[in-house]
Every structure is written in structure tokens, then in C-alpha cells.
Amino acid sequence: MRTLIVANWKMNPPVLKEAEKLFNDIKEGVKNIKDAKVVICPSFPYISNLKSENSNLKLGAQNCFWEEKGAFTGEVSPQMLKDLGVEYVILGHSERRKYLGETDEMINKKLKKALELGLLSILCVGDKDRETKGDMKEIDLQLETALRGLENYDLSKLTITYEPVWAISTTEGGAAATPEDTKEAVFYIKNYLNVLIGKDKTSKIRIIYGGSVNSQNINSFIKAGVDGALVGAASLKAEEFINVVKNASNV
Ligand code: PGA
């Protein structure tokens, strides 16, 4: 399995010109790195302007809706994304759960539709409280509901991101989860998936880590056994992000 590095640009950068420059700089910087797959997830308005001829660099979206079309003001369907060349979609990010009230039930519907339409889906799960880290009850619930009824879907198209909420958006990676925390969480999630869905069906699911990943710490997460990373702040600086990709490949 090739390492997967996903850039989550969130609601950045502020203008298209900057988005194009960032995208093109990253495209140039990663074009010869063959042992990592790179996905850039920009805001919706930028997607149609960003083109990658590089088979190693793919486009993703940060969200999508659970219906294909209709009276759903403000929503974007997986079909619309596919039409623009988008191959990946992030679903259930903690910021959408927090600010937009997304529930596990909504995420389950989105996940089903995205997978049905062939979008490679990146489901985010994570615990909120650093003090109770290691207690995986919250993650159990998120997985149980978000993955309900997915037994017969093509789960090789699913990636799960272990993204503890307390580790997101800290500066300079100071409070990222430790590689040990991550190793334990990935082991736990794998076992939980085996019980929930069955080992034969879940063995193809990638598990990546998110939360203050940067070029200095990526190596330790890959060494801890994750299949890649979801990168926020560090993906907004081309050189730093290219180094994340490079260091994820040189393990
Ligand atoms: P961060 O964001 O790398 O800035 O912590 C990660 C994310 O929220 O996906």
C-alpha cells in the first residue's frame, strides 16, 4: 500500500490566484516522488481551476452531500465532484461536526453515497478530550454509526483518519499525538473494524493519522504504522508540504 498524504486546505487560501500558485508549486515538487500518493483538498470554488496531469497528485473535496441532485440549497453532490475530476472526499471532519452540527448518521449517509458513486472516501474519527485519551468509547460510537450498513460496499475505497480533536491546529506540531498514542489507536481501530465488519472485508481499509502533522514529525507517524496522514496547516506552505511528502516516503 502506498503512503497516502492528504492536504486539507480547509477555508484557505483567501483568493484563487494563491490557490493556483500553491497547487502548482506542490505539483512541481512532488512530481518525482513515486512512493507516496498525494491528494489536495481545496475549497469547492477552486476545484475546477486546479488540474493535475500528474498521476501521483489527485484532487479531493472536503465534504459532499448524500443525494445526487435536488432541492438541497448550498450542497454539493458527489456526482458534481466526480464530474470535475475529483477522486477523493473527506467526510466527518471534526470541524464540520463542531460548526455545522454533522452527526454520525449524516456522515453514514454521505459515506454510502460517496462510495456508491466511486469516490475514495476519507472518514475522520477522533476523541475530543486530551485528558481522557486512550478511552476509545467516542471513536467506537463514531465508527459504529458511520460504518453502519457498509458491509457490502467496496471498502478498499475507504480510508479512516484517526484525528484526535485535541491534536488539531496546534502550532509547530507541539501537541500532536505521540507516535505511541497513534500506534495504539490504529491497533485499536483495526481490531474494532475486524469485529464490526469482519477481517476479510476490512483488511484493505487504510488508516492514516491527522493532527499537527509537519515535515519534522511525519516520519515518526509512518514508523508507528499509519498508512499516511491528513495534513492541515502544513499543507498551506508548498515547501513544508513537499517535505512532508518526501519525509513520508523516506522511511
Ligand atoms: P492540522 O489540521 O494539520 O492543522 O492540525 C489537520 C486537520 O484538521 O485535518
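Counting convention: from 1, in listed order, for ligands and their atoms alike.
- For ligand 1, one of its N or O atoms has an N or O atom of A233 under 3.5 Å away.
- Ligand 1 lies out of reach of A234, whose nearest heavy atom is not under 4.0 Å from it.
- Under the rule for a side-chain contact (heavy atoms from CB on, under 4.5 Å), the partners of N108 that lie at least two apart in sequence or sit in another chain are K112, R148.
- Residue M106 is found in a hydrophobic cluster whose other members, listed by chain and number, are F65, W66, F72; membership requires side-chain heavy atoms under 4.5 Å apart, directly or through intermediates.
- For the ligand labelled ligand 1, residue S212 lies inside the 4.0 Å heavy-atom shell.
- Looking at ligand 1, you'll find an N or O of G232 within less than 3.5 Å of one of its N or O atoms.
- Each of the following atoms of ligand 1 lies closer than 4.0 Å to a heavy atom of G211: 5 (O).
- Near L230, the atoms of ligand 1 lying under 4.0 angstrom from a non-hydrogen atom of the residue are 9 (O).
- Of all atoms in ligand 1, numbered sequentially from 1 with element shown, those under 4.0 Å from a heavy atom of E163 are 6 (C), 7 (C), 8 (O), 9 (O).
- When the shell of 6.0 Å around NZ of K51 is examined, it contains more than 12 heavy atoms from other residues, nucleotides or ligands.
- Applying the 6.0 Å contact sphere to NZ of K10 captures more than 12 heavy atoms from other residues, nucleotides or ligands.
- At most 12 non-hydrogen atoms from other residues, nucleotides or ligands lie less than 6.0 angstrom from CD of E239.
- At a cut-off of 3.5 Å, with distance as the only test, no side-chain donor of S77 or E68 sits close to an acceptor on the other residue.
- Interface atoms of ligand 1 facing I168, defined by a heavy-atom separation under 4.0 Å, are 2 (O), 5 (O), 8 (O).
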